[in-house]
Amino acid sequence: MTAAEQEPTILVEGLSHTYARRGSAVEVLRDVRLRVERGAYASLVGPSGSGKSTLLSVLGGLERPQSGTVVVGGTELTGLSGDALARFRRSTVGFVFQHFGLLDTLTASENVELALTLGGMSRAARRRRADELLGDVGLAGRAEHRPFELSGGERQRVAIARAIANEPEVILADEPTGNLDVDSAAAVAALLESLRDERGTTLVVVTHNPALAALADFHLRLVDGQLVGATALEGVDRDRLA
Ligand SMILES: Nc1ncnc2c1ncn2[C@@H]1O[C@H](COP(=O)(O)OP(=O)(O)O)[C@@H](O)[C@H]1O
Ligand SMILES: [Mg+2]
């Protein structure tokens, strides 16, 4: 293992985040510390409004860190320019949302193709790769379907195919089974687990779904802007947890 491979994929220290709102400030994250080793799966819970989505947004480069250190996949996000943050988002992270976030007018294949913006692929190569990714998530027969022609579980699998299109080191998922029935949720959970086990993808998943949380290597909770459960497990790797 090289030194770089021993670095945790996610390292957060002293992260605070405040939203300014009509003159008053709402401090959502307070001095958050987090360490997630490469290929580990962290689940995250907390009451509504506790800052779970904000934390994922910071980890994924959608919100710029306001303080402290945030390193994800070897990139220090604090102080990055907008262009550099956009590059980071395309290359290093994949997002999965509760409401799927697919474009209604595009087919499953086209939705995945949209993510394949790296590396100057030809149109034909993008199409082939999108179909391959749909095959990977068990939707080989659904490439031409538009979102309204797919079940909720299938839509979420398209969204996962899109999220992994650029082989991100990290998948950030925000209540990915929140809109799914039990069986579809189980299929999505199995798929996320396979990303960790077969591709070594690092996962941070906001979920209150017991089946999805049960697969996690460790559990985090946001309470009053503070992350509980992270520091206690600092430095503990999956092999020793297993
Ligand atoms: N863009 C924003 N501007 C102002 N306040 C926001 C913004 N996004 C979230 N908030 C506020 O920050 C708090 C945390 O929100 P969020 O991270 O979405 O929580 P959770 O995902 O845990 O429900 C909430 O009080 C929410 O109203
Ligand atoms: Mg949220």
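Values in this document were obtained by computation on a predicted structure and should not be read as measured data. Counting starts at 1 for both ligands and their atoms, in listed order.
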| message | With the threshold set at under 4.0 angstrom, would you say Val28 reaches ligand 1 through any of its heavy atoms? | response | yes

| query | Looking only at protein heavy atoms, which one is nearest to atom 9 (C) of ligand 1, and how far off is it? | reply | Tyr19 CE1, 3.4 Å

| query | Between Glu27 and Arg21, is the closest basic N to carboxylate O distance under 4.0 Å? | reply | no

| request: Start with the C-alpha distance between Glu113 and Arg129, add both sets of side-chain angles, then the distance that settles salt bridge (charged side-chain N to carboxylate O under 4.0 Å, His left out), and finish with yes or no. | output: CA-CA 8 Å; Glu113 266 182 62; Arg129 175 83 179 119; over 6 Å; no

| For ligand 1, which atoms sit closer than 4.0 Å to a heavy atom of Ser48? | 23 (O)

| said: Within the 3.5 Å criterion, strictly below it, is a donor on His219 or Ser43 matched to an acceptor on the partner's side chain? | reply: yes

| Contact check, Ser57 vs ligand 1, heavy-atom distance below 4.0 Å | no

| field | Atom pair OG/CG of Ser57 and Leu62 - distance to nearest 0.5 Å | value | 5.0 Å

| request: Just need the protein heavy atom nearest to atom 24 (C) of ligand 1, so name the residue and atom and give the distance. | output: Gly49 O, 3.8 Å

| Protein heavy-atom partner closest to atom 19 (O) of ligand 1 - residue, atom, separation in Å | Gly51 N, 3.1 Å

| Thr54 neighbourhood, listing ligand 1 atoms whose heavy-atom distance to it stays under 4.0 Å | 15 (O), 16 (P), 17 (O)

| task | May I ask you to check whether Thr54 brings an N, O or S atom to under 2.8 Å from the Mg ion (ligand 2)? | result | no

| With a 4.0 Å cut-off, would you call Glu169 and Arg38 a salt bridge? | yes

| task | Please determine which of Leu134, Val137, Ile164 meets the side chain to side chain contact (heavy atoms under 4.5 Å, CB included) test together with Val112. | result | Leu134

| said: Suppose I only count heavy atoms of Pro47 and a 4.0 Å limit; which atoms of ligand 1 are within that range? | reply: 22 (O)

| query | Does a salt bridge link Arg142 with Glu149, judged by any charged N lying under 4.0 Å from a carboxylate O? | reply | no

| Can you find an N or O of Val26 that's nearer than 3.5 Å to an N or O of ligand 1? | no

| query | Which atoms of ligand 1 sit under 4.0 Å from any heavy atom of Ser50? | reply | 19 (O), 20 (P), 22 (O)

| query | Tell me: protein heavy atom nearest atom 18 (O) of ligand 1, and distance? | reply | Ser53 CB, 3.7 Å

| Are any of the side-chain nitrogens in Asp131 or Arg126 under 4.0 Å away from the carboxylate oxygens of its partner? | no

| said: Donor-acceptor check, side chain of Gln226 to backbone of Val223, threshold 3.5 angstrom: yes or no? | reply: no

| query | With only distance considered, is Glu63 within less than 3.5 Å of ligand 1 through an N or O on each side? | reply | no

| query | Of all the non-hydrogen atoms in the protein, which one sits nearest to atom 26 (C) of ligand 1, and at what distance? | reply | Arg21 NH2, 3.7 Å

